[in-house]
Number of protein chains: 2
Amino acid sequence: MVTIKDVAQAAGVAPSTVSYVLSGSRKISDATRAAVQAAVDELGYHPNAGARSLRSTRTGVLALALPLPARGYLPVGGRFMYGLSEAAGQLGYLVLLVTPPGEEDPDAGLERAARSRFADAAVIMGVQMEDPRIDAMRALDFPVALIGRPADESAAPWTDLDWDEAALVAVRALHEAGHKRVCYLATVEEDVRARRSYSVRGIRGAERAAAGLGTSVDVCHSTGDPAELFGRLDARLDSAEAPTAFAVQHPAAIPGILRHLAARGIEVPRDVSLVAVGSFPEDLGGLDVTRVELPVARMSAAVTRLAADAVEAAAPGTPAGGATPHTLIAPHLIRGATVAPAP
Amino acid sequence: MVTIKDVAQAAGVAPSTVSYVLSGSRKISDATRAAVQAAVDELGYHPNAGARSLRSTRTGVLALALPLPARGYLPVGGRFMYGLSEAAGQLGYLVLLVTPPGEEDPDAGLERAARSRFADAAVIMGVQMEDPRIDAMRALDFPVALIGRPADESAAPWTDLDWDEAALVAVRALHEAGHKRVCYLATVEEDVRARRSYSVRGIRGAERAAAGLGTSVDVCHSTGDPAELFGRLDARLDSAEAPTAFAVQHPAAIPGILRHLAARGIEVPRDVSLVAVGSFPEDLGGLDVTRVELPVARMSAAVTRLAADAVEAAAPGTPAGGATPHTLIAPHLIRGATVAPAP
DNA sequence: CTGAAAGCGCTTACAG
DNA sequence: CTGAAAGCGCTTACAG
């Protein structure tokens with residue numbers, strides 16, 4: 001293994017000088033710098049991560065706390081892992097995955113990562129309105145940034161799509177097309193039950209939209225079981241007051257829903273209109289759905305920035321800065337081919 | 001921060017004794033062990049990861065080298081990240097994501113992770129038939145395990161679905177249903193061009209199946225652009241020798257393909273049969289496709305095991321063990337509702 | 001059965 | 001502009 005001593009010897013300087021050249025925290029003569037740089041390149045030197053973090057209390061790693069994938073695979077989780085890894089790389093961080101070890105103690109993995117200093121900060125996914133992980137990390141004085149807007153918005157830095165507004169935008173698009181009876185298909189019920197922020201806010205947005213617009217909005221919870229989901233849709237469609245439009249906050253289910261509707265002889269948008277809430281493009285297989293997309297790349301960049309800032313803010317000697325920052329992203333309706341005037 | 005000294009003091013023993021209790025590498029009296037354990041629990045002590053790795057040259061981390069997500073998001077990548085994080089946790093490892101920093105140097109991130117000892121071993125995804133990352137890691141004496149079967153099967157430990165066989169099984173199912181003209185829709189062309197192992201082997205399996213069974217198999221490359229893909233399918237369907245069946249090694253595209261066929265008035269399986277090669281259940285939105293699934297959980301467990309074993313094998317004092325191990329998983333056809341006798 | 005001591009590879013005040 | 005030295009928190013031979 002190549003150490004700083006090897007580089008120092010090769011360059012004819014002291015190890016501390018190599019360190020200063022690499023960190024840039026001291027003025028170094030051009031000759032010395034060039035000699036050190038040459039030795040570094042020559043030997044392929046990379047500072048030992050363990051030694052560096054032991055000494056400097058910086059690891060260059062962000063821990064990503066994943067939600068329990070118990071209810072099956074979450075496409076959105078995978079998408080965020082990519083986005084985060086990329087955004088983090090841009091800021092010089094690596095991303096460490098932290099999965100909950102079991103049902104009974106959902107933040108044991110995260111707590112271990114924090115206490116053992118595997119990372120400088122945690123990025124929390126699948127944020128709940130009242131998320132115990134936030135308090136757990138605060139108790140450890142461990143910096144966090146959230147993908148998701150908690151009930152207490154000053155609890156920690158966060159970024160999110162404005163889900164209340166997204167649901168409103170979707171319902172309004174249907175309302176403006178003349179639909180009087182809209183079914184809001186919310187996230188899977190496990191998410192509703194866990195009070196995930198996007199679930200709660202999406203539903204709330206739909207209810208507010210109903211109240212504000214005078215449209216009848218029937219909120220229905222989705223499920224990962226397609227047969228069960230189609231049963232719920234059928235119950236709605238067979239009722240006396242059948243909806244003429246759906247707003248769907250479960251993008252992974254949309255291809256299946258469209259197939260199911262087609263099998264029932266229902267054509268979209270001729271017979272029924274549909275808007276997706278919080279979809280991402282890769283989901284839809286080229287299907288031109290009217291939608292509000294989840295801005296994964298922007299959210300990944302934002303949360304990485306917030307996490308990096310939280311690391312700086314937690315450093316000793318930093319003044320206890322004012323308000324807790326956040327990045328709220330306004331929804332943007334993309335008009336596709338799945339909304340038509342109400343029959 | 002709680003250190004081993006704090007624990008030692010609280011328990012009234014020497015720091016080294018605490019270390020031995022935690023590692024279990026020395027006989028300790030019950031009384032001492034209990035006192036140490038109580039102090040550990042009381043103080044919430046977790047050993048500092050940097051210090052531990054500096055001293056022991058073990059990090060407890062596996063680096064996951066992701067393929068470039070340049071052509072858009074790969075659902076399968078996300079699925080493996082979950083699977084790996086879970087399997088690794090079971091063996092006491094955490095997973096660090098390593099994304100290629102840019103096009104020009106696809107293993108710079110991995111090389112840095114290895115040289116800086118951020119991890120004990122690398123798990124490589126999106127393995128190419130001749131993968132430069134394998135040689136790069138070998139040059140550093142850094143243990144690896146592959147998700148994908150390289151051309152040189154003794155280059156490194158690997159696990160994979162038997163893709164040759166999977167394509168054969170799929171084509172044979174269609175052959176047995178009487179289909180004489182099968183179109184094998186291979187992976188996206190970027191994967192073919194990069195000579196990803198699953199691409200090359202899937203195509204090879206299809207070609208062998210054709211030769212062995214006497215079925216005409218037309219190999220066609222998929223693409224992430226749905227419009228372009230549908231164009232390619234149309235060209236086949238409009239030709240004089242139109243296929244009566246498809247074997248599709250691009251599961252994410254299947255919902256779109258089925259919709260496109262339906263729009264052309266082609267009903268599956270009445271008019272055209274279809275088998276998915278390497279799908280995973282979450283992909284299909286409840287669609288009962290005849291398929292060979294990608295065993296993500298088994299592969300994740302296998303590659304983690306291989307990586308952990310490679311770490312042990314690389315430890316000084318370990319005899320240079322014999323053959324390079326691998327875990328080849330036989331394909332298994334799941335009969336769904338998308339294959340019918342040829343018209 | 002337990003402890004005192006060396007040292008892993010860095011960074012950063014301290015000194016010149 | 002550069003160097004010598006201390007020390008981060010552990011693990012593990014060495015000693016008893």
Side-chain angles (χ1 to χ4, degrees), chain A residues 1-37 39-40 43-61 112-120 315-317, chain B residues 1-37 39-40 43-61 112-120 315-317:
Chain A
M1 189 185 175
V2 182
T3 73
I4 199 170
K5 282 179 154 179
D6 300 321
V7 176
Q9 194 158 30
V13 298
S16 54
T17 300
V18 176
S19 179
Y20 284 118
V21 168
L22 262 47
S23 71
S25 64
R26 185 193 250 190
K27 270 193 125 59
I28 302 281
S29 74
D30 287 351
T32 304
R33 182 199 320 285
V36 168
Q37 197 55 57
V40 165
L43 300 173
Y45 171 68
H46 287 250
N48 180 282
R52 175 171 267 188
S53 85
L54 175 57
R55 185 57 233 234
S56 68
T57 64
R58 288 291 179 90
T59 62
V61 172
R112 170 168 170 250
R115 291 198 114 113
S116 288
R117 294 274 147 188
F118 272 101
D120 298 329
Chain B
M1 191 184 172
V2 182
T3 73
I4 199 169
K5 282 180 155 179
D6 300 321
V7 176
Q9 195 157 29
V13 298
S16 54
T17 300
V18 176
S19 177
Y20 283 118
V21 168
L22 262 49
S23 71
S25 65
R26 185 192 251 191
K27 268 192 128 54
I28 302 281
S29 73
D30 287 349
T32 304
R33 184 201 316 287
V36 169
Q37 196 56 57
V40 165
L43 299 173
Y45 171 68
H46 288 251
N48 180 283
R52 175 171 265 187
S53 87
L54 175 57
R55 186 55 233 234
S56 68
T57 63
R58 288 290 179 89
T59 62
V61 172
R112 170 168 170 251
R115 291 198 113 113
S116 289
R117 294 275 149 188
F118 272 101
D120 299 328

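Order of the sequence lines fixes the chain letters, A, B, ..., with proteins taken first and strands second; residue numbering starts at 1 for each chain.
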Note to self: Over all strands shown, is B:Thr32 touching base, sugar-phosphate only, or nothing at heavy-atom distances under 4.0 angstrom?
What the structure shows: sugar-phosphate
Rounded to whole angstrom units, what separation is found between the [atom1] atom of [X] and the [atom2] atom of [N]?
{"X": "B:Lys5", "N": "C:dA5", "atom1": "NZ", "atom2": "P", "result": "12 Å"}
{"X": "B:Met1", "N": "D:dC8", "atom1": "CE", "atom2": "P", "result": "12 Å"}
{"X": "B:Leu54", "N": "D:dC8", "atom1": "CG", "atom2": "C1'", "result": "9 Å"}
{"X": "A:Gln9", "N": "D:dG3", "atom1": "CD", "atom2": "P", "result": "13 Å"}

Checklist line | Selection residues 25-37 of chain B - residue pairs positive for side-chain hydrogen bond (donor to acceptor under 3.5 Å, both in side chains), sequence neighbours left out | finding: B:Ser23-B:Ser25, B:Ser29-B:Thr32, B:Gln37-B:Asp41
Next item on the list: Using Watson-Crick or G-U wobble pairs with both distances under 3.5 Å, give me DNA chain D in dot-bracket, 5' to 3', with [ ] for crossers and | for pairs to another strand.
Entry: |||.||||||||.|||
Check: How far apart are the C-alpha atoms of A:Ile4 and A:Tyr45, what are their side-chain angles, what is the distance that settles it, and do they pass the side chain to side chain contact (heavy atoms under 4.5 Å, CB included) test?
Finding: CA-CA 8 Å; A:Ile4 199 170; A:Tyr45 171 68; 3.6 Å; yes
Next item on the list: Could you run through nucleotides 11-16 of chain C and give me one letter per nucleotide, 5' to 3': B if any protein heavy atom sits under 4.0 Å from the base, S if only the sugar-phosphate is that close, - if neither?
Entry: BBBBB-
Note to self: Is there a side-chain contact between A:Tyr20 and A:Val36 in this structure, where contact means two heavy atoms from C-beta onward sitting under 4.5 Å apart?
What the structure shows: no
Notebook entry, point to check: With side chains defined as the heavy atoms from C-beta onward, is the minimum distance between A:Arg117 and A:Leu54 less than 4.5 Å?
Noted result: no
Next item on the list: Between B:Ile28 and A:His46, just flag the one whose closest nucleotide in DNA chain C comes earlier from the 5' side.
Entry: B:Ile28
